[in-house]
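Note that the structure is a prediction, hence the values are computed from the model and not measured. Below, chain A is the first sequence line, B the second, and so on; all start at residue 1.
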Amino acid sequence: MLTSAFGLHMTTLPPDTNSPAAPKSYTPHLLHKFDSPAELKQLHAHLIKTNASISVLPLPKVASVCSRGRCFPYAQHIFARSDNHDTSVWNSCLRALAEGDHPIDAVSLFYQMRTSDVLPDAFTCSFLLKACVSLLDIANGKILHGVVEKLGFGSNLFLQNMILNLYGLCGEMADAMLLFDKMPQRDVVTWNTVITQMLKRGDIEGASRLFSRMPERNIRSWTLMISGCVQCGKPKEAIDYFLKLEEESGLRPNQVTVVSVLAACADLCALDLGKRVHEYSNRSGFKTNVLVCNTLIDMYAKCGSLEEASRVFDEMEGKRTVFSWSAMIVGLAAHGRAQEALSLFSSMLQDGTEPNGVTFVGLLHACAHMGLVDEGRAFFTSMTRDYGITPGIEHYGCMVDLLSRAGLVKEAYEFIMEMPIKPNGIIWGALLGGCRLHKDIKLAEQAIQHLSVLDPLNDGYYIVLSNIYAEAGRWEDVTRVRKLMKARGVKKTSGWSKITLGGGIVHEFVAGDESHPQAEGIFRKWDELAVEMKLRGYVPNTSLVLLDIEEEQKVKFIYRHSEKLAVSFGLLNTPAGTTIRIIKNLRVCEDCHSALKLIAAISGREIVVRDRNRFHCFKDGCCSCGDYW
DNA sequence: GTAGGGTTAG
């Protein structure tokens, strides 16, 4: 173990110049000139040329240059040639190893150091902790913790924070909390470290409890709450933190804050807040940050505003990355703008950007939404052949969707049977969706067989199947499916819709929701709309209400669908002429789809609905999906 | 010298 410390990397060593015959001729003035690894390299080459001994180099300086430049082989070489090791030389080598992607060797070297007379100091411990962090090496981390205590660094906040972080990263939350509780002092980093770990575990409540107890917060504290909430699927809470940050902290959001809050805006369709953040970002000079730009593109695309997404894309000052292109392509695809997605892909290739798996998901998705079967097949072949990308389950999913949507359900089925990876629920669900569109009951039953094994508690699939039966007038089968759901304990997911108003405040509606403070006004607005819609020929489509109730009840039922409530609320609470943006957890139903087309016409508004798999932009009585969804 | 950042199929 100890001898292998350097042995592992002997091949990367510079050539040995320490042969017995080497005369000690060197150029002294060179020794003090170098200051960078590159210069060190030159010097080294010079020494080899002149056959000089490397041991004449001023060791501490060499070690520190190596360490700063993470120049591992030189550090190793110098170290092995010298017997004059004081703590700082050990430290330089440890640092070069720990930071230069050789953490295992750093740990080994530490054990070697422990057998020498030289005592580790706080720097030694910090480099070692760094190595343990990159290795997630909790065993050595705990040993190191003991060493830190024994050496009397128990009150070194910096080291304590690193240990805390290591415990958290290794999943030793209990130890982390123990340490946190008994730490004599804590600084903002201490708090941030613990909160980060709690958020990583999805413990938003614990994290926000700690956050509220913090004696002081910096911009990172706020940012990690924001990004933590986004990653835990709580964008609303993320936005709440951002608004509070603006209101009460007096701190300035930085680029990371901006990226995090934009992700929340994207999730929530909070376009107004997103725009405000965009302006702030431009004012703050973040325009050159590629990550900020990519996130902006994604945010605008997910808020249904492709024009603004492409404006950001066109005006990007930094070099576009594959993320920028993919975000645009995926966005166009979700809006059903397949041709534009495809031609953007050509531009991407001309630009010399290599596509990745996500790019192809976007392309295949685009093809699926517009029925471009041949193009889709070509992309699927090309991704492996021309770009060496192995299709993932998501690509197979797109292909099954593409084929079965286009009516090629049998081929889709064969495609699934020939897949080299095990199909998941999404794959069979895509086939099931196609079977519904093309009324293939037999194949739908096959799909549901697989689904009841792969994803037995997902209500969506049973509902699609019972819709298929309902449309075919097979009511006994509808009943059978409903009984099956009951027997299996499948609960119906209730649909919800969310709308975000200008101030970033999110309003959420579930079907039949009477809990909203404005409920009365919302229902009145809906009734008004319904009257006008009927004049324009709207007939409530109740065929998909699967309850055994009177027709009148059915109408009442669909009238209370969450998107209808949300759009009525939106009309009441947004200025005339502005676009209404709604997100929905399920797919929009047929009745809501035709209702929304009419409402867009009646109100003269654009209504953008992001449902669980695409965008619908309702305008002047039409929908951007062309009723193919 | 320690803590926070992005795209994906139903």
Side-chain angles (χ1 to χ4, degrees), chain A residues 67 91 95 98-99 122-123 125-127 129-130 133 156-166 168-169 187-197 199-200 218-228 230-231 254-263 266 289-299 301-302 321-331 333-334 356-365 368-369 391-402 404-405 424-434 436 447 451 455 458 460-461 464 586-587 611-614:
Chain A
S67 147
N91 283 352
R95 182 180 173 195
E99 294 179 358
F123 282 96
C125 297
S126 81
F127 299 140
L129 278 166
K130 197 167 230 173
V133 164
N156 181 323
L157 204 44
F158 174 77
L159 289 178
Q160 297 294 310
N161 286 342
M162 285 188 91
I163 296 168
L164 194 60
N165 185 38
L166 179 64
L169 286 173
D187 62 2
V188 66
V189 177
T190 318
W191 289 87
N192 286 355
T193 303
V194 174
I195 291 176
T196 305
Q197 292 307 329
L199 288 168
K200 272 209 185 116
N218 61 13
I219 188 61
R220 284 190 177 212
S221 321
W222 289 95
T223 304
L224 69 93
M225 285 312 291
I226 295 168
S227 70
V230 174
Q231 270 149 29
N254 62 23
Q255 317 199 10
V256 184
T257 324
V258 163
V259 166
S260 308
V261 74
L262 285 175
N289 182 318
V290 182
L291 217 66
V292 168
C293 292
N294 293 348
T295 316
L296 279 167
I297 293 170
D298 183 53
M299 183 275 293
K302 285 200 178 133
T321 64
V322 63
F323 282 83
S324 335
W325 292 95
S326 300
M328 262 327 282
I329 290 173
V330 167
N356 66 13
V358 180
T359 321
F360 280 97
V361 167
L363 293 168
L364 294 173
H365 197 193
H369 279 305
I393 190 90
E394 63 275 26
H395 301 101
Y396 287 100
C398 289
M399 283 306 286
V400 173
D401 185 35
L402 168 76
S404 53
R405 232 183 245 273
N424 61 13
I426 296 177
I427 300 274
W428 289 109
L431 181 71
L432 181 68
R436 180 181 167 196
L451 286 165
D455 198 357
N458 189 324
Y461 302 130
V464 172
L586 305 173
R587 290 183 59 180
D611 78 8
R612 66 181 299 167
N613 63 355
R614 63 163 296 155

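- Checking side-chain atoms of A/S326 against main-chain N and O of A/F323 turns up no donor-acceptor pair under 3.5 Å.
- Relative to the side chain of A/S260, the nucleotides B/dT8, B/dG5, B/dG10 differ in distance, and B/dG5 lies closest.
- Of the candidates B/dT2, B/dG10, B/dT7, the closest approach to any side-chain atom of A/Y461 belongs to B/dG10.
- Dashed line: the shortest gap from a side-chain N or O of A/N161 to OP1 or OP2 of B/dA3 is not under 4.0 Å.
- Rounded to whole Å, atom C1' of B/dG10 lies 14 Å from atom CZ of A/R614.
- Across all strands shown, A/N156 has no heavy atoms under 4.0 Å from either base or sugar-phosphate atoms.
- Side-chain proximity of A/V361 to B/dG5, B/dA9, B/dA3: nearest is B/dA9.
- By the 4.5 Å heavy-atom criterion applied to side chains, A/M162 and A/T193 are not counted as neighbours.
- Between the side chains of A/N356 and A/T359, at least one donor N or O lies within less than 3.5 Å of an accepting N or O.
- When the side-chain nitrogen and oxygen atoms of A/H369 are compared with OP1 and OP2 of B/dA9, none of them lie within a distance under 4.0 Å.
- Atom P of nucleotide B/dT7 and atom CG of A/L364 are separated by 19 Å, given to the nearest angstrom.
- Nearest to the side-chain atoms of A/I427 among the listed nucleotides B/dA3, B/dG5, B/dA9 stands B/dA9.
- Contacts of A/F127 with the nucleic acid, taken as non-hydrogen atoms under 4.0 Å apart, are absent.
- Per the geometry, CG belonging to A/L169 stands 13 Å off P belonging to B/dT2, to the nearest Å.
- Distances from the side chain of A/Q231 to the nucleotides B/dG5, B/dA3, B/dT7 place B/dG5 closest.
- Atom CD in A/Q255 sits roughly 17 Å away from atom P in B/dG4 (whole-Å rounding).
- Between B/dT8 and A/K302, a contact under 4.0 Å exists linking OP1 or OP2 to a side-chain N or O.
- Residue contacts shown for A/N218 include a base, since a base heavy atom lies under 4.0 Å away.
- Of the candidates B/dA9, B/dT7, B/dG4, the closest approach to any side-chain atom of A/I393 belongs to B/dA9.
- Side-chain atoms of A/N254 lie closest to B/dG4 of the nucleotides B/dA3, B/dT7, B/dG4.
- Within the 3.5 Å criterion, the main-chain N or O of A/G357 finds a donor-acceptor partner in the side chain of A/H395.
- If you measure from atom NZ of A/K200 to atom C1' of B/dG4, you get 9 Å, rounded to the nearest angstrom.
- Here A/S326 lies in heavy-atom contact (under 4.0 Å) with a base.
- In this structure, CG of A/D455 is placed 16 Å from P of B/dA9, rounded to the nearest angstrom.
- Distance from the side chain of A/R220 is smallest to B/dA3 among B/dT2, B/dA3, B/dT7.
- The aromatic ring of A/Y396 does not sit over the base of B/dA9, since the test of centres under 5.5 Å and planes under 30° is not met.
- Minimum atom distance to the side chain of A/V358 is reached by B/dT8, of the listed B/dT8, B/dG4, B/dA9.
- Listed nucleotides B/dA9, B/dT7, B/dG4 differ in distance to A/T223; the shortest reach to its side chain belongs to B/dG4.
- In this structure, A/W428 places its CH2 atom 17 Å from P of B/dG10, rounding to the nearest Å.
- Inspection of the A/N192 and A/N161 side chains reveals no N or O donor paired with an N or O acceptor under 3.5 Å.
- Residue A/T190 is classed as having no contact, given no heavy-atom separation below 4.0 Å to the nucleic acid.
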